[in-house]
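For reference, the structure is listed below as structure tokens.
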Amino acid sequence: MGENFRAAIEEASLGVQSPWRILQPPTGTGKTQGTCVYAAMQAEFNRETEGTLRPVGMLIVTRLKEDADNIRDTINTLVGRGVAVVHHSGSYATPEQLHESDVVIITHTAFTNAKRDTKSLDWRSWDRLESWRGGRRLLTIIDEALANVVDESSATTENLAFVIGLIPAEVRSAWPEQVALLEQVHQVLQAYIDPDDLDCSMSMIWEEGCAPAAPDFMPLISAMNALPYDRIVYVRSSTKDRTRLAERVAETITAVQSCLEQFAYYAKSGKWHSINSAALAVPLDTPGPVVLDATARVNFLWDLFGERHERPVVPGHARDYSSVRLHVARGTGLGKNAMSERIRERLPRIKRALEEAIGSERSVFMCVHKDVEEVITRKSEGAKSWVEKLNFRECSVGHWGAVDGSNTWQDCDTAVILGLPYMPQTWATNMFCALQGAQNDKWLQSPEWKQFKNVRKEMEQRQMSVSVIQAINRICCRHVIDAEGNCPPADIFIVLPQDAMGEAVLDAIKADMPGIAVRQWDFELDAPKGKRPRESSHTRLIAYMEEQPAGTVSLTEIQHSLKLTSLKKLRETLNAADHPTTRVLADMGVKYVAGVGRGSKSFLMKVA
């Protein structure tokens, strides 16, 4: 780490835009502590060489605000004075502190927001972070894989119609150009929709620079924000509804503006038709960038960086997960919608399986979808939540999108992964286009890249693996307890799909957690479906004739009603007077009348 920090500093000091150095120190090997030690040493060296050497300023980017606070406190404790400050929504540094401090620590969100400000030609926030008393900061250390590196923009036909329908006459008159463009985008998007839903593949709407000229939509958004949406839509007063609908309107208009400023493509997901675009949300010209990403090997983001990155070799065999047991079951219906719909009927089976597998003294962390978390942690009046009813010493729950990098569950000895965070096709398309440039229709419909026949599928599998590995390593297996890199004993329970995605995730876990013991978990997420005895055509015929009034029914009509592929066997049965089916029909007053001669019809006749 030190060698790469130093190389990045030297290149930045010469004004060279160095490639992003992507290091993969495994979880628990001290990358954050090492960063703090290096920052403390650099701050001391700046003081010792003041007036003779150019001081080196550092910017450290970490995932959470609490992590930023801990890094600041660790550095200042090591140095024995205040050389590091944090700058985030919980504790903004003053301009003077940013100018004087050797080290500034910010969150991933602040880092990506800085790029958004420069896009709108507001350089002040980025300048305050990048510049200090020593000139330009020369080293940027990004701790953990960056989240939300791409700004995704999407507007559905439904949301566009909703917004357009709400625009009052006075707003239309005040901002006619903006309103006309919204309507034009809606019409363009509708032209891509196949009314029979037969061919709705992704298609490029326009390439970058080819969209209709886009005015500033902010005045329209401001005018729309003043509308009483709660009264207009629901005819009632509700601050919550008004705020929610105002956000929906603003997000839709903002998405249209982004699509007009960039490339745009059409996509269909489920029943929703949308216009989409994307842009990189990180400043690529960051001085001396070094990324510490424990999942760098599997993270496809860095593949897409291409020549803008390099991956120095990191010493291997730093960790040993032999004391960790991975219990793998297979199942279906693991996505957000299926898990949310079926979770209540699955809960008794999950409870029984976990309590049979581990003892009551265990501390359990469960990673689930957000909607599932709400169900299993909800308390009814006078009763415990489902999680509180589990027979364990402790059970905590987190949801996808809010667990990466968190230390909340680091003392748990068991992880349960229920449900997987599948990504939509638009996610992979947006990520690829933001880093590799907008693609054409051929790529959108058949996404080949380098050795990958379907790079979108590869990206989705890799992202799934990154998410699962991050979730697993929230518990005690992240801690190193000896010089061989071992960790405390731990159990991980996961349900994977029986397909290529499941195999890719399992392979990634084994590669990133060397020595982990994989075991089959004899668990069925859903109850076995009882096999109903196959209902024969004879049984259906008898039931059908029981419901018929007196009269005749042709065999052709019976064939269509019972969906029979052929009448040959049925005729053979009806011609055999001693056949059980024929006898039952006779008892019902049903007689078979065979047609005589070519073209004549056979029928069943039922008497009153």
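Within the 3.5 Å criterion, the main-chain N or O of Asp143 finds a donor-acceptor partner in the side chain of His108. Distance alone, capped at 3.5 Å, places no donor-acceptor pair between the Ser101 side chain and the Leu98 backbone. A distance-only check finds no donor-acceptor pair linking the side chain of Ser446 to the backbone of Lys442 [under 3.5 Å]. Checking side-chain atoms of Thr295 against main-chain N and O of Val298 turns up no donor-acceptor pair under 3.5 Å. At distances below 3.5 Å, at least one donor-acceptor pair connects side-chain atoms of Arg137 with backbone N or O atoms of Leu129. A donor-acceptor pair under 3.5 Å links the side-chain atoms of Trp20 to the main chain of Leu284, judged by distance alone. Distance alone, capped at 3.5 Å, is enough to place a donor-acceptor pair between the Arg474 side chain and the Ser406 backbone.
Across every non-hydrogen atom of Asp404 and Arg63, the tightest pair is O-CD, 2.7 Å. For the pair Tyr265 and Leu444, the tightest heavy-atom approach, listed with the atom from each and the gap, is CB-CD1, 4.1 Å. In terms of heavy-atom proximity, Tyr321 sits nearest to Cys477 at CE2-O, 3.6 Å. Between Val466 and Asn299, the shortest heavy-atom contact is CG2-CA, 3.9 Å. The two residues Trp132 and His99 make their nearest non-hydrogen contact at CB-O, 3.4 Å. Heavy atoms only, all atoms of each residue included: Ala511 and Arg297 are closest at CB-NH2, 3.5 Å.
Interatomic distance, CD1 of Ile509 versus CG of Leu326, reported as 5.5 Å (0.5 Å rounding). In this structure, Glu130 CD and Leu59 CG are separated by 8.5 Å, a value rounded to the nearest 0.5 Å. To the nearest 0.5 Å, the span separating OG1 on Thr286 from CD1 on Ile142 amounts to 6.0 Å. The distance from atom CD1 of Ile9 to atom CG of Asn4, rounded to the nearest 0.5 Å, is 11.0 Å. In this structure, CG on Asp413 lies 5.5 Å from OG on Ser363, to the nearest 0.5 angstrom. For the atom pair CZ of Phe5 and OG1 of Thr140, the computed distance is 11.0 Å after rounding to the nearest 0.5 Å.
When the shell of 6.0 Å around CZ of Arg47 is examined, it contains 12 or fewer heavy atoms from other residues, nucleotides or ligands. Residue Phe45 places its CZ atom among 12 or fewer non-hydrogen atoms of other residues, nucleotides or ligands, all under 6.0 Å distant. Counting heavy atoms of neighbouring residues, nucleotides and ligands inside a 6.0 Å radius, atom CD of Gln451 exceeds 12 of them. In Glu207, the CD atom is not crowded: 12 or fewer heavy atoms of neighbouring residues, nucleotides or ligands sit closer than 6.0 Å.
When only modelled atom types and interatomic distance are considered, Asn46 and Gln42 share a side-chain donor-acceptor pair under 3.5 Å.
His309 and Phe305 have perpendicular rings, their planes meeting at more than 60° on a 0 to 90° scale where under 30° would count as parallel. Using cut-offs of 30° and 60° for the angle between ring planes, the Trp521 and Phe493 rings count as perpendicular.
A salt bridge links Asp303 to Arg311: at least one charged side-chain nitrogen sits closer than 4.0 Å to a carboxylate oxygen. By the 4.0 Å N-to-carboxylate-O rule, Lys510 lies too far from Glu503 to be salt-bridged with it. Salt-bridge check for Glu10 with Arg6: passed, with a basic side-chain N closer than 4.0 Å to an acidic carboxylate O. The residues Lys336 and Asp371 are annotated as not salt-bridged, no charged nitrogen and carboxylate oxygen being separated by less than 4.0 angstrom. Ion pairing between a basic and an acidic side chain is recognised when a charged N comes within 4.0 Å of a carboxylate O; Asp285 and Arg308 show no such pairing. Between Glu310 and Arg21 a salt bridge is recorded (basic side-chain N to carboxylate O distance below 4.0 Å).
Under the 4.5 Å side-chain criterion, counting only non-hydrogen atoms from C-beta, Asp320 is not in contact with Glu484. Proximity of Arg72 to Val103: side-chain heavy atoms (C-beta onward) are nowhere separated by under 4.5 Å. The shortest side-chain heavy-atom distance between Arg478 and Asn407 falls under the 4.5 Å cut-off.
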For Tyr266 and Asp441, run side-chain hydrogen bond (donor to acceptor under 3.5 Å, both in side chains): C-alpha distance rounded to whole Å, both residues' side-chain angles, the deciding distance at 0.1 Å, then the answer.
-> CA-CA 10 Å; Tyr266 160 82; Asp441 283 350; over 6 Å; no
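A cation-pi arrangement, defined by a distance under 6.0 Å to the six-membered ring centre and an angle within 45 degrees of its axis, is present between Arg456 and Trp443.
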